[in-house]
Protein chains: 2
Amino acid sequence: MNINKYNQIYQVLSGEIIEGVYQNQENLPSEHALVERFSVSRETVRKALNMLRENGFIQKVKGKGSVVIYDHTMDFTVSHLTSFKEIQEMKSIRYETNVVELAVYDAEDVPKVQKALGLYPKDKIWKLVRQRIHDSKTHIIDTDFFLHELMPGLNEEVAKQSTYQYIEERLGLSIAYAYKEITFEPMTAAELDLFGPVTPQYAATVKSVVYLNEAKPFQYNVSKHLASEFKFTDFSRRFTGE
Amino acid sequence: MNINKYNQIYQVLSGEIIEGVYQNQENLPSEHALVERFSVSRETVRKALNMLRENGFIQKVKGKGSVVIYDHTMDFTVSHLTSFKEIQEMKSIRYETNVVELAVYDAEDVPKVQKALGLYPKDKIWKLVRQRIHDSKTHIIDTDFFLHELMPGLNEEVAKQSTYQYIEERLGLSIAYAYKEITFEPMTAAELDLFGPVTPQYAATVKSVVYLNEAKPFQYNVSKHLASEFKFTDFSRRFTGE
DNA sequence: CAGTGGTCTAGACCACCTC
DNA sequence: AGGTGGTCTAGACCACTGT
């Protein structure tokens with residue numbers, strides 16, 4: 001799918017690590033060996049290895065080699081901007097999605113969103129509220145605000161499926177990065193109504209602002225999770241860089 | 001301090017962005033111009049730009065240039081493995097640190113830690129419990145487990161200062177990466193005792209396993225925050241890679 | 001068209017590790 | 001000494017953007 005060489009090499013190697021061709025704590029073949037195997041230059045191999053490193057598959061040790069640090073028991077790492085649908089498939093839990101609201105507002109009616117996305121007062125935005133239900137219990141309430149001009153054709157059918165898929169595959173837009181914030185907040189009356197009787201009456205709250213490729217803010221999302229079930233996992237490095 | 005060129009260039013450019021030499025939404029000089037300015041090759045400039053991109057300073061746009069996306073109003077991003085002391089300095093809040101416990105255990109006495117760090121039953125570990133106090137109120141309780149063999153000289157004085165600084169500056173060890181997990185949990189009786197009367201009686205719980213350069217697990221940390229005050233912020237990209 | 005970033009190469013020199 | 005990864009270069013070709 002991706003046309004460049006280092007990405008293909010990354011796909012191959014990460015796949016082999018996941019399949020166990022290279023086990024945890026083992027060394028990957030040396031860069032020189034990978035150069036031979038893939039018939040590319042060393043810098044190209046190194047780009048693929050850097051991707052593996054950034055995504056928590058390997059750790060490079062000077063003078064020694066690239067050690068696999070991928071552990072199958074590790075929880076799936078949420079931090080790389082994955083959509084609800086993708087997470088759901090990873091965890092292989094089946095949620096039912098119920099669209100609570102889908103409507104168009106003026107940006108000025110929702111000041112937080114107007115400010116976060118840098119909109120003019122009369123810019124139109126979609127508001128989309130969805131319940132994620134499993135075993136006839138609501139686990140997550142997602143509230144999304146999208147720029148209307150970028151997806152005028154949004155409808156309930158799309159909203160029940162994956163909005164990210166729609167954005168990327170149908171509209172050809174490319175999601176680039178996001179700011180996320182996790183807090184613990186009391187549930188509002190409306191939220192309690194959707195969640196039903198739960199303890200505590202607090203929600204793990206993930207707010208995010210999502211940007212497209214050209215640094216264009218595009219989506220404001222508030223995701224409320226039952227606090228007792230919420231878990232966020234992350235892999236991070238102390239120093240970034242080559 | 002860092003000897004390689006791309007790191008120096010990164011330091012210079014990130015500093016200039018923070019100082020406002022390049023404003024939000026503006027373009028950075030072209031790669032060609034930066035090649036001239038720093039008298040290096042283009043690939044070296046690109047490595048510095050990639051660091052800026054990964055740390056949320058810029059977004060590169062095909063055929064156009066590198067747009068600054070750094071906003072001063074943005075909260076400090078915690079996700080890159082920063083120590084408590086570093087966070088405290090960023091936020092310029094003065095906490096007092098109180099050492100509740102500092103003792104040596106056998107790994108088998110703390111099975112969770114033994115498993116997370118992959119230890120033998122009789123391996124020795126430090127247990128260190130610290131309260132972070134501000135305005136005579138406890139805001140954070142940090143519980144740390146360290147490999148004893150790597151820092152036999154740990155003492156209460158060091159524990160009151162920064163353990164990371166001690167590890168990196170005194171011991172010359174290099175912290176590489178960590179796995180983190182955030183959950184919201186009811187406070188235990190012992191925690192309630194340290195926190196005092198608070199509402200809600202929930203703690204934002206950050207558990208992490210920290211690794212040194214050679215993929216050696218080294219520290220297990222549980223950080224309990226008052227849920228009502230807790231905020232975790234993160235910057236993430238959908239696709240990594242060059 | 002010229003300017004921009006994206007990819008890739010072949011080779012060089014270095015620092016570190018192991019034997 | 002020989003293997004490993006880390007840094008850096010000079011140049012090439014491409015795809016995309018703007019005019």
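In what follows, chains carry the letters A, B, and so on, assigned in the order in which the sequence lines appear, proteins first and then strands, with residues in each chain numbered from 1. Values in this document were obtained by computation on a predicted structure and should not be read as measured data.
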How many Å lie between CG on A:Asn4 and C1' on C:dC8, as a whole number?
10 Å
Any chance the rings of B:Phe218 and B:Phe146 have centres within less than 6.0 Å?
yes
Hey, can you tell me if B:Tyr179 and B:Tyr211 have their rings parallel, tilted or perpendicular (30° and 60° cut-offs)?
perpendicular
Carefully, step by step, assess B:Arg37 and B:Glu16 under the rule salt bridge (charged side-chain N to carboxylate O under 4.0 Å, His left out).
CA-CA 14 Å; B:Arg37 169 171 174 196; B:Glu16 290 179 351; 2.8 Å; yes
Phosphate oxygens OP1/OP2 of D:dA10: is one of them under 4.0 Å from a side-chain N or O of B:Ser41?
no
Any B:Lys60 side-chain N or O less than 4.0 Å from OP1/OP2 of C:dG6
yes
Phosphate oxygens OP1/OP2 of D:dT9: is one of them under 4.0 Å from a side-chain N or O of B:Lys5?
yes
For C:dT9, take OP1 and OP2 only and decide whether either is under 4.0 Å from a side-chain N or O of A:Thr44.
yes
N or O in side chain of A:Lys47 less than 4.0 angstrom from C:dC8 OP1/OP2
no
Reckon A:Lys64 has a side-chain N or O less than 4.0 Å from the OP1 or OP2 of C:dT18?
yes
Where each residue is assigned the nucleotide of DNA chain C containing its nearest heavy atom, which of A:Arg42 and A:Val61 is assigned the position nearer the 5′ end?
A:Arg42
Any N or O donor-acceptor pair under 3.5 Å from the base of C:dC17 to the side chain of B:Glu214?
no
